[in-house]
Amino acid sequence: MSLLKYFKPTSSTDDDTDSTGQQPSTSSKRPQADRKKEYERTKRKRGFLPKWTKEFTWLEYDHAIQLMYCRVCKDCPDKADTQSSFYLGCDSFRKLSIQTHDKSKSHLMCVLVKRAKENPKDTSMGKAIAKINASNFEILKKLFRTAYYVAKEEIALAKFPGLCKLQMANGVELKNTYINDHACGEFIKSMAHVQREKTTEELTAENTRFLSVLSDGSTDSGIIEQEIVYVRYLSNGSPETRMVKIVDVKHGHAAGILDAIDDAVAGVGISPDLWESKVICANFDGASVMMGDVNGVAGRLKRRIPHIVILHCVAHKLELAVLDAIKKLPFLLEFEETIKSVFKMYYYSPKKRRELKEIGRLIEEKVAHFSGLKSTRWVPSRLRSLKAIETNYAATIMHLENMSTSQRGEEAAKARGIMKAMQTTRFVKCLHFMIDYSTILAKCSEGFQHEQIFIGHVKEIIQSTTSKLIRLKTVPGESSAKLSDLLTGENRQTYKGVNLTNRRQSRLIPEAIPDSSDFSKVLDDTVKYLDARFANFDEEPLSCFDIFDISKLPHDRQAVSTYGDRDIEMLVKHFESVLTDDEIKAIPDEWSDLKIWMSAHRGVGRLIDLYGDLIRENPPHLSKVLVLLQILLTLSPSTAACERGFSTMNRVKTCHRTSLLPDTLNNLMQISADGCKVEEYSPDKAVEHWFFSAKGTRHLEHKTPAKSNVVVDESESEEEQHRPIFEAAAEFESGSDEETDSDF
């Protein structure tokens, strides 16, 4: 066979011309194109081989999207090559590709980090740490505890050096290294990382079947829009709510907020597939951008996760119902304006507060604090404001009267107007009625803000509240009854030594003093708006959970036999995407056994405690139907945790700390919100993470290097005494048996 055909003939003409000097015809190129098409048609179709996972234990395959991933690199995003195909998803089903990734530098680093996390003492780094002088390790633990105190008490990082020097002055052994605010931030970063790992471990655990997401938005002191995300789940049968992350929102529309929520979830290491398979509920405030059924966050989540239950925070609903009832009545609007005027006058003037306290001392009455207008959003805060007005009534009237005569101009006119409004019988009667009215609603609001509230409590609290409001129509409350006793006989126009009048304050308000019919209108409207706002709890699937209320279980045996069967069928159908086939089949049968258990536990204790104990016990004959109880306790009806989170944010990121980086703010808030008490904190894991996450070397002592390379000491060189910990680790990697007694 001739080999000449494998060599191109030499020609003096151009490559694109033949021997005649003309361009070759396209027909000569067709055979090559045809061969290429034939190859594409008949080439080997490559696919994923399951046997690869036995040889490469880090390899995992997503059948849904047909991509390969490296499990180890995904678990160590700080060290992994985030642009690698095995991190993003690889569709090159070749063993050579897998082998190349297996030998890559970034993958090997992730393997070492994962091994160090699982068995830190068996790694070279762990062996090196074990050889560190024990006193040096104790010094690091003291520094970490001090940094934890800084984060937990929400004080500036710049206070860390002063606290360390104070401890040194008190005889605590510390060294001069890492006594600065930058090191404090690094310590807090490691502590927050350990806390996030714990949260991730709990959320991704096999026994954590379901999750509820809570989200709310606010603006911080740096005028940056923040979205805070919490997650509710069951831990050993009890509901737990943990902060996931606070994210600065790039865009304020629904897509931007949903991206922020996804970013927060990804920040704790939860994959999108795992997230969507576990989340069953989303709880937001009433903003249209959140609750919109079409283009809102709720609508977008519904399209992504069809079985998800969207809830409007019950505490916000209560506030809206109260506002709906009050704004319909003019005399209550006038009363509210008077209250706001009083608080505005005293809150912004230390001089007036000081004068008011002096008057209170003269008349031997304790003066309550007039808080700011912003603190009267929640019903309990409004109740405290009303009680402060009632307590300070006599002293306030005396001070306003003095201001109206001793001052001139606008201040005197304001004082005179407020005083005339407060001296009317209308105001005093409204004040005491509103105290009774707000007392009932405040108890309802406090119940809705409880961390362990579940949807079974909501209807119970609403029914109790509406019942008390209806009773208030015929039976005066404690404060109104007290006023009736004071305004009797000769003192009917005198209250706390102040002569009352019936003069009208506005032409729009009737002269008549509000009577029981006016107050009944307030109560009727409140009950009506409460029923309207909470009507969704009587709709499926939420209404189906009523069957788990033991107090509603029939006593008749025949009635019990069919009780709740339709509701169980509805719940199984709604949540079938998160239930196994065995659970779908077994739940209807086990429901009969659960009804027997419920009948035997009537009136024994709180429902949440009974079901929590039952979930922890997990009897085999009820194991499948208990999944519905887990869903019941996981559903979150309130976003009060988010409001508490924003209170933490305002304490951490004050007007003096507006330049806090997002990651630093998140680290500080997680420790403040979910961290244990300072005296209970153990820094060992955080110290280990601080070692492992270092990009350079770690030292406890820094000394100025001598001119010569080696300075001889009595026992060994200074270089040997203060070798970095990572150099010692490298020595263990090389198999050296030399002792390491460094102070690193």
Side-chain angles (χ1 to χ4, degrees), residues 1-8 15 29-120 122-127 197 200-201 204 206 262-263 265-277 692-696 726 729-735:
M1 180 183 294
S2 174
L3 299 177
L4 294 178
K5 64 178 181 179
Y6 295 102
F7 296 90
K8 185 175 181 180
D15 291 340
K29 295 182 179 179
R30 286 176 183 169
Q32 183 178 358
D34 293 341
R35 286 195 298 269
K36 186 176 181 180
K37 290 181 180 179
E38 181 68 16
Y39 172 77
E40 292 293 335
R41 186 177 63 83
T42 61
K43 72 175 183 179
R44 174 185 174 188
K45 299 294 184 182
R46 296 182 179 273
F48 180 79
L49 300 180
K51 66 179 182 179
W52 288 342
T53 58
K54 297 180 180 180
E55 183 177 355
F56 305 97
T57 56
W58 48 264
L59 184 65
E60 63 179 13
Y61 178 65
D62 191 328
H63 292 273
I65 56 179
Q66 297 182 358
L67 292 175
M68 298 186 296
Y69 292 94
C70 176
R71 186 185 303 109
V72 176
C73 291
K74 296 285 284 185
D75 291 341
C76 305
D78 295 338
K79 298 294 183 182
D81 179 6
T82 55
Q83 300 302 316
S84 168
S85 61
F86 278 86
Y87 187 88
L88 301 173
C90 179
D91 59 356
S92 177
F93 300 112
R94 299 172 180 268
K95 189 172 182 180
L96 179 61
S97 301
I98 302 174
Q99 291 172 337
T100 302
H101 179 78
D102 188 54
K103 297 177 181 178
S104 65
K105 184 178 179 181
S106 60
H107 174 77
L108 293 175
M109 177 62 71
C110 293
V111 172
L112 288 175
V113 172
K114 184 175 179 62
R115 191 179 302 161
K117 290 179 180 179
E118 295 174 349
N119 299 294
D122 295 338
T123 62
S124 58
M125 181 64 67
K127 295 175 183 177
E197 279 191 331
T200 303
E201 183 180 350
T204 57
E206 188 176 349
D262 291 338
D263 182 26
V265 172
V268 292
I270 302 179
S271 65
D273 292 339
L274 181 63
W275 170 250
E276 293 179 6
S277 67
F692 296 140
S693 62
K695 294 182 179 179
F726 288 105
E731 187 173 291
F732 275 97
E733 286 285 355
S734 62

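As the structure is a prediction and not an experimental result, all values here were calculated from the model. The residues of the chain are indexed from 1 along the displayed sequence.
Remark: D273 pairs with no residue by the side-chain hydrogen bond (donor to acceptor under 3.5 Å, both in side chains) rule, at least two apart or across chains. Judged as a side-chain hydrogen bond (donor to acceptor under 3.5 Å, both in side chains), and not counting sequence neighbours, Q99 has no contacts.
Nearest heavy-atom pair, L59 versus F48, reported as atom, atom and distance to 0.1 Å: CD2-CE1, 3.6 Å. Smallest separation of non-hydrogen atoms from K95 and W52: N-CZ2, 4.1 Å.
Interatomic distance, CD of E55 versus OG1 of T57, reported as 10.0 Å (0.5 Å rounding). With rounding to the nearest 0.5 Å, the separation of OG in S106 from CG in L108 is 8.0 Å. Summarising the geometry, atom CD belonging to E276 is positioned 8.0 Å from atom CG belonging to D262; distances are rounded to the nearest 0.5 Å. Here C73 contributes atom SG and M109 contributes atom CE; the two are 11.5 Å apart, rounded to the nearest 0.5 Å.
Legend: side-chain hydrogen bond (donor to acceptor under 3.5 Å, both in side chains) pairs involving residues 80-93, not counting sequence neighbours, sorted by first then second residue: S92-S97.
Remark: E60 does not engage K74 in a salt bridge, criterion side-chain N to carboxylate O under 4.0 Å.
Using a 30° and 60° split on the angle between ring planes, Y61 and F93 fall in the perpendicular class, above 60°.
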**Request:** Could you go through the side chain to side chain donor-acceptor pair (under 3.5 Å) check for W58 and D102 one step at a time?
**Result:** CA-CA 9 Å; W58 48 264; D102 188 54; 2.8 Å; yes
